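To start, the structure itself, in structure tokens.
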Amino acid sequence: MSSAPSVNILLSVYNGEKYLAAQLDSLFAQTYRNITIYVRDDGSEDDSLSIVRRYMQKSLSEPGIRMILLENEEKRNLGYMESFWTLLRESGSADYYAFCDQDDYWLPEKVEKGVAALEKEDMRQPLLYSSSFYYCDAEMNFSGDPQKIKVPVQFKDVLFYTPAFGFTIMINHALRDLALSASSLAGIPHDGWCQKIAASMGRFIYDPERTAGYRRHSATVTYAGAGTLKMIAKWIRNDIFGAGLSEQHFVLERFYEEYGDRLGKKEYAWLNLFRERPVTVKIYLKRLFFPERLRPSMGGEIALRGCFLANR
């Protein structure tokens with residue numbers, strides 16, 4: 001039996017037949033060998049399940065790799081948030097857990113690098129590791145680099161922004177247990193929630209080395225990697241005229257309810273300032289003139305300050 005730390009890779013699938021096999025090939029090509037790939041199909045209507053079952057058969061002859069399908073006989077479509085929480089909750093116990101999207105591509109040393117970084121830390125605290133990646137087109141041709149994450153990542157940096165993409169994240173067992181201890185995770189994105197826990201009560205580790213390719217194709221719902229003007233327009237549309245900020249306030253309020261009494265003095269003060277209702281004149285001015293950046297891009301910061309100005 002392997003003495004290497006165990007890693008559960010959590011793969012949520014939905015109508016992913018076009019790129020799923022390539023992603024699974026990249027998981028099977030990992031240099032690290034003590035992994036279990038847990039798959040949950042979120043009610044696909046294409047050939048995704050057949051592809052998964054084919055690779056499950058292939059895994060039987062792959063040393064150090066197991067593959068387990070969480071059955072969804074009713075073909076319930078939970079959406080990506082609840083699907084990933086279900087995977088995290090129902091997967092077997094492991095030392096580490098890595099979130100995986102169906103249409104990206106992992107470089108061979110991705111898992112190995114994550115384990116190596118986390119093994120240097122105190123396992124009793126909630127830990128999150130995230131690595132850089134590269135943007136690519138539908139054919140996996142390089143198209144750009146993401147914005148680098150500024151370290152150290154503090155709690156203020158994840159209040160209104162999610163620095164790490166979900167597929168780059170690996171967490172330890174302590175963070176997994178703390179995340180799942182919440183009374184409800186309905187409407188809570190798994191990646192942002194885990195980053196808030198790590199940045200406020202544990203450690204957020206960032207590796208600037210690329211370990212994956214982020215495939216951007218016609219079905220990709222994201223502005224990541226877009227130009228500056230598009231990003232500014234996106235922030236304004238989402239935050240000022242859309243429901244983006246309301247959704248973030250919901251998450252902040254839920255985080256306060258679940259973990260407020262566990263936070264340090266500084267982290268509690270930050271969270272309480274931006275989630276508190278009703279907004280007094282004092283709170284309004286403290287938010288508007290908060291002395292530190294809350295988002296890395298100027299467009300995002302301007303949109304957020306505009307929301308504070310409008311008392312949203």
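Remember, predicted model here, so these are calculated numbers, not experimental data.
Note: the hydrophobic cluster containing V111 does not contain L128 (ILVMFWY, side chain heavy atoms under 4.5 Å, direct or indirect links). Each of F99 and Y32 belongs to its own hydrophobic cluster when Ile, Leu, Val, Met, Phe, Trp and Tyr are linked at side-chain heavy-atom distances under 4.5 angstrom. Taking hydrophobic clusters as Ile, Leu, Val, Met, Phe, Trp and Tyr residues chained together by side-chain heavy-atom distances below 4.5 Å, L304 shares a cluster with I149. Residues I51 and Y38 fall into different hydrophobic clusters, defined by Ile, Leu, Val, Met, Phe, Trp and Tyr side chains chained together at heavy-atom separations under 4.5 Å. Under the 4.5 Å side-chain heavy-atom criterion for ILVMFWY residues, no single connected hydrophobic cluster contains both L70 and M56.
Between the side chain of Q195 and the main chain of A164, a donor-acceptor pair closer than 3.5 Å is present. Side-chain atoms of D104 do not come within 3.5 Å of backbone N or O of D101 as any donor-acceptor pair. The main-chain N or O of E209 is never found under 3.5 Å from a side-chain atom of S131 such that the two would form a donor-acceptor pair. Formation of a donor-acceptor pair under 3.5 Å by the Q57 side chain with backbone atoms of R53 is not found in this model. Y97 places a side-chain N or O within 3.5 Å of a backbone atom of A94 that can act as its donor or acceptor partner. Checked by atom type and distance alone, the side chain of E109 never pairs as donor or acceptor with a backbone atom of Q30 at under 3.5 Å. Using modelled atom types, no side-chain atom of D95 and backbone atom of V7 make a donor-acceptor pair closer than 3.5 Å.
Counting non-hydrogen atoms of neighbouring residues, nucleotides and ligands closer than 6.0 angstrom, the NZ atom of K58 exceeds 12 such neighbours. Other residues, nucleotides and ligands place more than 12 heavy atoms under 6.0 Å from the CZ atom of R54. A 6.0 Å sphere centred on CZ of R124 holds no more than 12 heavy atoms belonging to other residues, nucleotides or ligands. Around NZ of K150, the count of heavy atoms belonging to other residues, nucleotides or ligands within 6.0 Å does not exceed 12. Remark: E74 CD is loosely packed, at most 12 non-hydrogen atoms of other residues, nucleotides or ligands lying under 6.0 Å away.
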- Message: The test is side-chain contact (heavy atoms from CB on, under 4.5 Å); show your working for C194 and L175 and say whether it passes.
- Response: CA-CA 7 Å; C194 289; L175 197 155; 3.7 Å; yes
- Message: Using the rule given for side-chain contact (heavy atoms from CB on, under 4.5 Å), can you reason through L88 versus H190, listing the C-alpha separation, both sets of side-chain angles and the distance that settles it, and then say yes or no?
- Response: CA-CA 9 Å; L88 188 60; H190 63 286; over 6 Å; no
- Message: Checking F133 against F167 for the ring-ring contact (aromatic ring centres under 6.0 Å, His included) test, could you report, in this order, the C-alpha distance in whole Å, the side-chain angles of both residues, the deciding distance, and whether it holds?
- Response: CA-CA 10 Å; F133 58 94; F167 70 91; 5.2 Å; yes
- Task: Given side-chain contact (heavy atoms from CB on, under 4.5 Å), test M81 with I188 step by step and report yes or no.
- Result: CA-CA 7 Å; M81 285 186 274; I188 304 292; 5.5 Å; no
- Given the rule in the side-chain hydrogen bond (donor to acceptor under 3.5 Å, both in side chains) test, do Y259 and E267 qualify, once you have shown the distances and angles that lead to the verdict? CA-CA 11 Å; Y259 308 117; E267 288 74 20; over 6 Å; no
- side-chain contact (heavy atoms from CB on, under 4.5 Å) between K75 and L49: does it pass, once the steps are laid out? CA-CA 11 Å; K75 286 189 167 292; L49 262 179; 4.1 Å; yes
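Expressed to the nearest 0.5 Å, how far CD of E301 lies from CZ of R293 amounts to 5.0 Å. S44 OG to Y14 OH: the interatomic distance, rounded to the nearest 0.5 Å, is 7.0 Å. The OH atom of Y55 lies 9.5 Å from the CG atom of L27; values are rounded to the nearest 0.5 Å. In this structure, OH on Y134 lies 10.5 Å from CG on D145, to the nearest 0.5 angstrom. Taking NE2 of H173 as the reference point, atom CG of D177 lies at 3.5 Å (rounded to 0.5 Å). Rounding to the nearest 0.5 Å gives a distance of 7.5 Å between CG of L11 and CG of L87.
Defined by atom type and a distance below 3.5 Å, a donor-acceptor pair is missing between the side-chain atoms of S132 and R210. Defined by atom type and a distance below 3.5 Å, a donor-acceptor pair is present between the side-chain atoms of S130 and T168. There is no side-chain donor-acceptor pair under 3.5 Å between D41 and S48. Side chain to side chain, D42 and N77 meet the donor-acceptor criterion of an N or O pair below 3.5 Å. A donor and an acceptor atom, one from each side chain of T31 and E112, are located under 3.5 Å apart.
Under the ring-ring contact (aromatic ring centres under 6.0 Å, His included) rule, F290 has a single partner from Y284, F274, F160, which is F274.
For the residue pair P126 and I197, the shortest heavy atom distance occurs at CB-CG2, 3.9 Å. Heavy atoms only, all atoms of each residue included: M123 and A174 are closest at O-CB, 3.7 Å. Scanning all heavy atoms of the two residues, the minimum distance from R254 to S183 falls at NH2-OG, 3.6 Å. Of all heavy-atom pairs between L273 and R287, the closest is O-NE, 2.8 Å. The minimum heavy-atom distance linking V251 with K196 is given by the pair CG1-CE, 4.0 Å. Of all heavy-atom pairs spanning R305 and L288, the tightest one is NH1-O, 3.1 Å.
A 4.5 Å side-chain heavy-atom check between R40 and L69 finds every atom pair outside the cut-off. At a threshold of 4.5 Å between non-hydrogen side-chain atoms, the residues M170 and L118 count as touching. Contact check for R262 versus L178: side-chain heavy atoms found under the 4.5 Å cut-off. Under the 4.5 Å side-chain criterion, counting only non-hydrogen atoms from C-beta, C136 is not in contact with R216. The closest side-chain heavy-atom distance from P163 to V158 is below 4.5 Å. Side-chain contact between P291 and F289 is absent, with no heavy-atom pair separated by less than 4.5 Å. Under the 4.5 Å side-chain criterion, counting only non-hydrogen atoms from C-beta, Y129 is not in contact with N172. Counting heavy atoms from C-beta outward, S91 and L10 have side chains that approach closer than 4.5 Å.
Taking 4.0 Å as the cut-off between side-chain N and carboxylate O, R275 and E253 count as a salt-bridged pair. Remark: E62 engages R33 in a salt bridge, criterion side-chain N to carboxylate O under 4.0 Å. Using a cutoff of 4.0 Å between basic side-chain nitrogens and carboxylate oxygens, R215 and D137 are not scored as salt-bridged.
The ring of F155 has its center no closer than 6.0 angstrom to the ring center of Y268. Taking the six-membered ring for Trp and the full ring otherwise, the centers of W193 and F255 sit less than 6.0 Å from each other.
Aromatic ring orientation, Y214 versus Y135: tilted (interplanar angle from 30° to 60°).
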